[in-house]
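Below you'll find the structure, written out as structure tokens, and then a few comments.
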Amino acid sequence: MAAIAYTVAFDGVEARPVEVQCSVSPGLPGFGIVGLPDKSVSEARERVKAAFGALSIAMPSRRVTVNLSPADLPKEGSHFDLPIALAVLAALEIVPAEALERVVALGELALDGRLSPVAGALPAAMAAAEESRALLLPRACGAEAAWVGAVPVFAPRTLREAVDHRTDRAPLARAAPGELAETVFEADLSEVKGQERARRALEIAAAGRHHLLMVGPPGASKSMLATRLPGILPPLNPQEALETSVIHSVAGLLDGGGISRMAPFCQPHHTASMAAMVGGGRNARPGQASLAHNGVLFLDELPEFERRVIDALREPIETGEIHVSRANAHIRYPARFLLVAAANPCRCGEIADAARACSKAPRCGSDYLGRISGPMMDRFDLRIEVPQVAIEDLGLPATGESSASVAARVASARALQAARFAGHPTARVNADASGRLLEEVAPLDGECRSLLALAAERLGLTPRGYHRILRSARTIADLDGSPAIRQPHLAEALSYRLPFGRPD
């Protein structure tokens, strides 16, 4: 007899439907799985056999063949255990075949029949909703999947509970969504002494999602400033929260089924590999750039990263997506993040102090920052120098604004941008504007055009740099509550594009 169960295979952040076809036929006893399974899927037969033994179910003395269709789609992960077990039970007429027609199942089986949590519950629920099917998955994943209210979610603890539910011996109640995760940032922007210009740049970056590069000596509060950026960003809207949570679900990073409205903050170490940064590896998992989607990607000690790793970010900075190509798959991950980077002015960091600088100064500064390629440097909207704070100033009371005050202005500027781009399919903030849309939202009067033309000639601006200045000026005007870009707004935007001792 043949039976069919339904599950999903993950292609990036998308869950693609998969049929689990099981046939029990005469022949030598055996249990085979076909359909391009990886090692973890092939090992499911041993886990299924052990789980059946825990339920006192004997495997038949016949040939059991499981086919995962479509056969040309790679199948990875242990979540195929539960649908394979249900398909076999249906083929053995222990579970009615019609009971599996309107349900998508996923879950890993322990040897005693318990269901262990798996990654990807949220996109699986979305796929089940599109197919108008219910979702059956481990208890630990139920709260996460239940956020998709359009699909009935049932979360058994064991294989026995799953069987009893599908045979109506002990129906399960629908799972409830998890709590909305709240994160309180104790680090406040007011704790940063001095650095008014850097604080202003941070505010502009947060308001329009403009990429920011800070260059300064060690101990100049660069990292301190960057780690306080999430505290001034507005909460994610429901669409952004769902987009971000789907990526974190595929990576297995959602705790307790809670979805957070806080913008993510990712800080990879400078030894991070290409796969760790942009995704890939054996299972093509999302990298730090995708995990920072709709949030902040902070790269401390930027010149210390491998140059090819840094340059790999050029594509997502422009398109908001990362494409991971493998021999048998081509995967797309969303990656629309705010890039904040920090760097010392040279390897020793003391180039500004003639008494402490190394013997290679000042050449060491241009050599060190030269590790950042010109095209990558050009993608930073805001580039500022962060000076050392005087020791005597550290003992003075903090005079800067709190994160709450700055966040209020950022939220107001974001609200203006939300209204401005309400009808646009992709643009959400000023950093997304380009082409004709940028000309519409950032028109310049005669004085501003003359100033920008003069600056372009003096600074040697590229067309990309020219457009990034327009976007920054539009954000500065929004923070000022001005409907049009004025000369002071443009002048401030230009002040953040000065080169660090090298041509633009």
Side-chain angles (χ1 to χ4, degrees), residues 10 12-15 117 119-130 135 137 140-151 153 175-185 205-209 229-267 279 285-298 316 320-322 332-340 403-404 407-408 410-419 421-422 424-429 431-432:
F10 296 107
V13 296
E14 298 180 5
L122 196 56
M126 297 170 66
E130 292 177 0
L135 183 65
L137 77 176
C141 302
E144 175 185 332
W147 281 101
V148 182
V151 57
V153 176
E179 297 293 331
L180 189 66
E182 295 291 343
T183 303
V184 178
F185 286 96
R209 209 186 65 230
L229 182 56
I232 64 174
L233 288 173
L236 301 180
N237 61 40
Q239 178 184 354
E240 292 171 337
L242 184 60
E243 289 176 358
T244 305
S245 297
V246 165
I247 300 172
H248 289 200
S249 176
V250 170
L253 298 179
L254 289 186
D255 296 328
I259 290 180
S260 176
R261 296 284 296 274
M262 299 300 298
F265 182 84
C266 295
Q267 185 179 355
R285 292 300 186 190
Q288 292 290 307
S290 294
L291 296 176
H293 182 60
N294 290 323
V296 179
L297 179 64
F298 175 44
E321 295 181 343
I322 285 178
R332 179 193 65 85
Y333 284 117
R336 194 174 297 278
F337 50 81
L338 165 56
L339 177 61
V340 178
S403 293
V410 170
S412 298
R414 285 288 185 101
L416 291 174
Q417 295 168 63
F421 302 115
H424 198 275
T426 58
R428 299 178 184 176
V429 293
D432 297 330

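The only option from His293, Glu243, Arg428 that meets the side chain to side chain contact (heavy atoms under 4.5 Å, CB included) definition with Arg336 turns out to be His293.
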Per-pair distances, 0.1 Å, donor-acceptor, side chain in residues 231-238, under 3.5 Å, sequence neighbours excluded:
residue	atom	partner	partner atom	Å
Asn237	OD1	Gln239	N	3.1
Asn237	OD1	Glu240	N	2.7

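Ala121 and Leu135 get closest at one heavy-atom pair: O-CD2, 4.3 Å. Taking every heavy atom of both residues into account, Pro230 and Phe265 meet most closely at CG-CD1, 3.5 Å. Heavy-atom minimum distance, Gly12 versus Val250: O-CG1, 3.7 Å. Minimum interatomic distance between Arg209 and Ala431 (heavy atoms only, all atoms of both residues): O-CB, 3.2 Å. The two residues Cys266 and Ala292 come nearest to each other via the heavy atoms SG-N, 3.7 Å. When all heavy atoms of Val153 and Gly142 are compared, the pair lying nearest together is CG1-O, 4.0 Å.
With sequence neighbours excluded, no residue forms a ring pair (Phe, Tyr, Trp, His ring centres under 6.0 Å) with Phe337. Shown here are the side-chain contact (heavy atoms from CB on, under 4.5 Å) partners of Val246, two or more places apart in sequence or in another chain: Val13, Leu122, Pro123, Met126, Leu242. With sequence neighbours left out, Ala140 forms a side-chain contact (heavy atoms from CB on, under 4.5 Å) with Pro117. Evaluation of the side chain to side chain donor-acceptor pair (under 3.5 Å) rule for Arg414 yields no partner, not counting sequence neighbours. Residues satisfying the side-chain contact (heavy atoms from CB on, under 4.5 Å) criterion with Ala127, sequence neighbours excluded, are Val8, Ala15. Scored by the salt bridge (charged side-chain N to carboxylate O under 4.0 Å, His left out) test, Glu130 finds no partners at all (sequence neighbours excluded). Partners of Ser249 according to the side chain to side chain donor-acceptor pair (under 3.5 Å) rule, which considers only residues two or more places apart in sequence or in another chain, are Glu144. Take Glu14 and apply the side-chain contact (heavy atoms from CB on, under 4.5 Å) test, not counting sequence neighbours, and it matches Arg332.
Atom OG of Ser290 sits about 4.5 Å away from atom CD1 of Ile322, to the nearest 0.5 Å. Note that OG of Ser260 is 12.5 Å distant from CG of Leu253, once rounded to the nearest 0.5 Å. The distance from atom CD1 of Ile259 to atom OG of Ser245, rounded to the nearest 0.5 Å, is 4.0 Å.
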Please evaluate residues Leu229 and Leu338 with respect to the criterion side-chain contact (heavy atoms from CB on, under 4.5 Å), reporting the C-alpha separation (whole Å), side-chain torsions for both, the decisive distance (0.1 Å), and the verdict.
CA-CA 10 Å; Leu229 182 56; Leu338 165 56; 3.5 Å; yes
